[in-house]
Amino acid sequence: MAVKLPPVPGFTPISERIFIRKEDSDSSKTLEKSTVQQPTTIIVFGWGDGTPKNVAKYADGYHKLFPKARILMVVSSTWQAIYQSLDQRVKDMLPLVDAVFPTSEDISDKRVILHAMSNTGGIYAAATLHAFQRRHGEDKALPHHLCVSDSTPGSIVFSTEVGRWSRAVALGTAKWFPWPFVVTQTLWWVVLYAVHILEKAMGREASGVASCRAFLDHSTATPRAHRLYMYSKTDDLIWWEDVEAQAAVAKSKGYTTIMEMFDNSPHVGHMRMHPDQYWRAIEDNWKASIRSE
């Protein structure tokens, strides 16, 4: 179900799904904040079925905050996140690793922010951690100072989540079909159950489970990075209780966790409804992460 994406103004593609923001693509004048040690690289992993145009708004927001940073974005479909094997996901993220860390000598001087949106973004952020190790050695973890989790991670219990997952896939594919939305969601519910049964039979770990496990392993995800969780009680796809439960597990594993709750914002809608709070939380936690060095 791969769809060829149209060109994204202001971005240069390095693969069908990975784009680098051009340095001259900002039309506004942005003053550098000399008191802030800026990140060198920011990687935004878009939500499932998020269009490049919409995901690019986050890249543009980061550019205003950190004008010296190199910004990349990854776009993915929810279906890709579900059906691809871990090996396929890692291979798709290798061009990203090669662009940011072309050699092992380019690692130590990088100051990186990972920004994962929804579970699909988290799944490909985790794949990037594995891709880094494939390129530079299993004994190395991708260096980053801040990991922002927007509307993720949710529960990984299939039986309680399949309804919301089927709705998420249906939201991204409803335009393909002429029938009512409820029919599309029901069809995806059946497909997801079939995939679940097939994965069980094959002994393959579900992508959501694999990504959560990767982000709780110090050998894969460095405990050096602070974790900023951005969520709301009105998210109808990722329950706020699940985000807090996942953050509590991360904290118990030795990760520094910060919770930022937003009022009345929908799934991946926090920046749109509360831009000042959103970007202030990121800037403040970036500074805190740098200070903790």
Side-chain angles (χ1 to χ4, degrees), residues 1-8 11 13-20 43-59 72-97 114-131 149-154 156 158 161-179 181 183-196 198-199 204-212 214 235-238 266-269:
M1 292 190 182
V3 178
K4 187 172 179 59
L5 297 170
V8 186
F11 289 80
I14 60 173
S15 77
E16 289 187 352
R17 297 168 50 196
I18 304 170
F19 304 84
I20 299 179
I43 309 171
V44 180
F45 298 88
W47 61 96
D49 304 301
T51 65
K53 178 182 177 181
N54 286 331
V55 178
K57 294 175 182 177
Y58 291 82
L72 301 91
M73 70 174 184
V74 179
V75 294
S76 310
S77 72
T78 307
W79 177 239
Q80 281 175 317
I82 292 169
Y83 85 83
Q84 283 192 316
S85 67
L86 176 59
D87 186 63
Q88 289 173 318
R89 298 194 300 272
V90 169
K91 286 180 179 177
D92 281 358
M93 295 300 106
L94 284 174
L96 174 61
V97 171
L114 301 181
H115 188 115
M117 307 191 69
S118 192
N119 283 354
T120 294
I123 286 167
Y124 285 99
T128 302
L129 300 181
H130 289 298
S149 297
D150 181 331
S151 306
T152 189
I156 55 177
F158 180 83
E161 300 304 304
V162 63
R164 276 177 277 178
W165 293 345
S166 62
R167 183 170 181 272
V169 186
L171 287 170
T173 58
K175 60 181 178 293
W176 299 352
F177 308 110
W179 47 69
F181 180 84
V183 176
T184 303
Q185 182 175 357
T186 301
L187 289 173
W188 279 118
W189 188 92
V190 173
V191 170
L192 291 178
Y193 248 104
V195 171
H196 177 65
L198 183 61
E199 286 183 327
R204 191 176 92 173
E205 190 173 41
S207 57
V209 175
S211 65
C212 285
D235 187 331
D236 62 344
L237 292 180
I238 301 293
H267 188 66
V268 295

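Put simply, the side chain of Phe11 does not reach to within 4.5 Å of the side chain of Leu72, judged on heavy atoms. Annotation: side chain of Ser207 is not in contact with side chain of Gln84 (no heavy-atom distance under 4.5 Å). Two residues are said to be in side-chain contact when any heavy atoms from C-beta on lie closer than 4.5 Å; Phe19 and Val75 meet this criterion. In this structure, the side chains of Val195 and Glu199 come closer than 4.5 Å at one or more pairs of heavy atoms. Between Thr128 and Phe45 the shortest side-chain heavy-atom distance falls below 4.5 Å. Ile18 has its side chain within reach of Met93: a pair of non-hydrogen atoms, C-beta onward, lies under 4.5 Å apart. Residues Phe177 and Leu187 are not in side-chain contact: their nearest non-hydrogen atoms beyond the backbone lie 4.5 Å or more apart.
Of all heavy-atom pairs between Ile123 and Ala81, the closest is CD1-CB, 3.9 Å. Taking every heavy atom of both residues into account, Gly208 and Ser211 meet most closely at O-OG, 2.9 Å. In terms of heavy-atom proximity, Ala116 sits nearest to Thr152 at O-CG2, 3.7 Å. Listed here is the closest heavy atom pair of Ile82 and Arg204: O-NH2, 3.8 Å. Here the shortest heavy-atom pairing between Val8 and Pro52 reads CG2-CB, 3.4 Å. Heavy-atom minimum distance, Thr120 versus Ser76: CG2-CB, 3.7 Å.
Partners of Arg167 under the salt bridge (Lys or Arg N to Asp or Glu O under 4.0 Å) rule, at least two apart in sequence or in another chain, are Asp236. Applying the salt bridge (Lys or Arg N to Asp or Glu O under 4.0 Å) test to Asp92 and every residue at least two apart in sequence or in another chain returns Arg17. With sequence neighbours excluded, the residues satisfying side-chain contact (heavy atoms from CB on, under 4.5 Å) with Ala170 are Phe181, Thr184, Gln185, Trp188.
The distance from atom CZ of Arg89 to atom NE2 of His130, rounded to the nearest 0.5 Å, is 8.0 Å. Of the inter-residue distances, the one linking His267 atom NE2 with Trp47 atom CH2 reads 9.5 Å to the nearest 0.5 angstrom. From Tyr124, atom OH reaches atom CG of Leu96 across 13.0 Å, with rounding to the nearest 0.5 Å. For the atom pair CG of Leu86 and NZ of Lys91, the computed distance is 11.0 Å after rounding to the nearest 0.5 Å.
Under a 3.5 Å cut-off, the side chain of Asp49 and the backbone N or O of Leu171 do not form any donor-acceptor pair. Side chain of Ser151 to backbone of Val268: a donor-acceptor contact under 3.5 angstrom is found.
Aromatic ring pairs are classed by plane angle as parallel below 30°, tilted from 30° to 60° and perpendicular above 60°; the pair Tyr193 and Phe158 is perpendicular.
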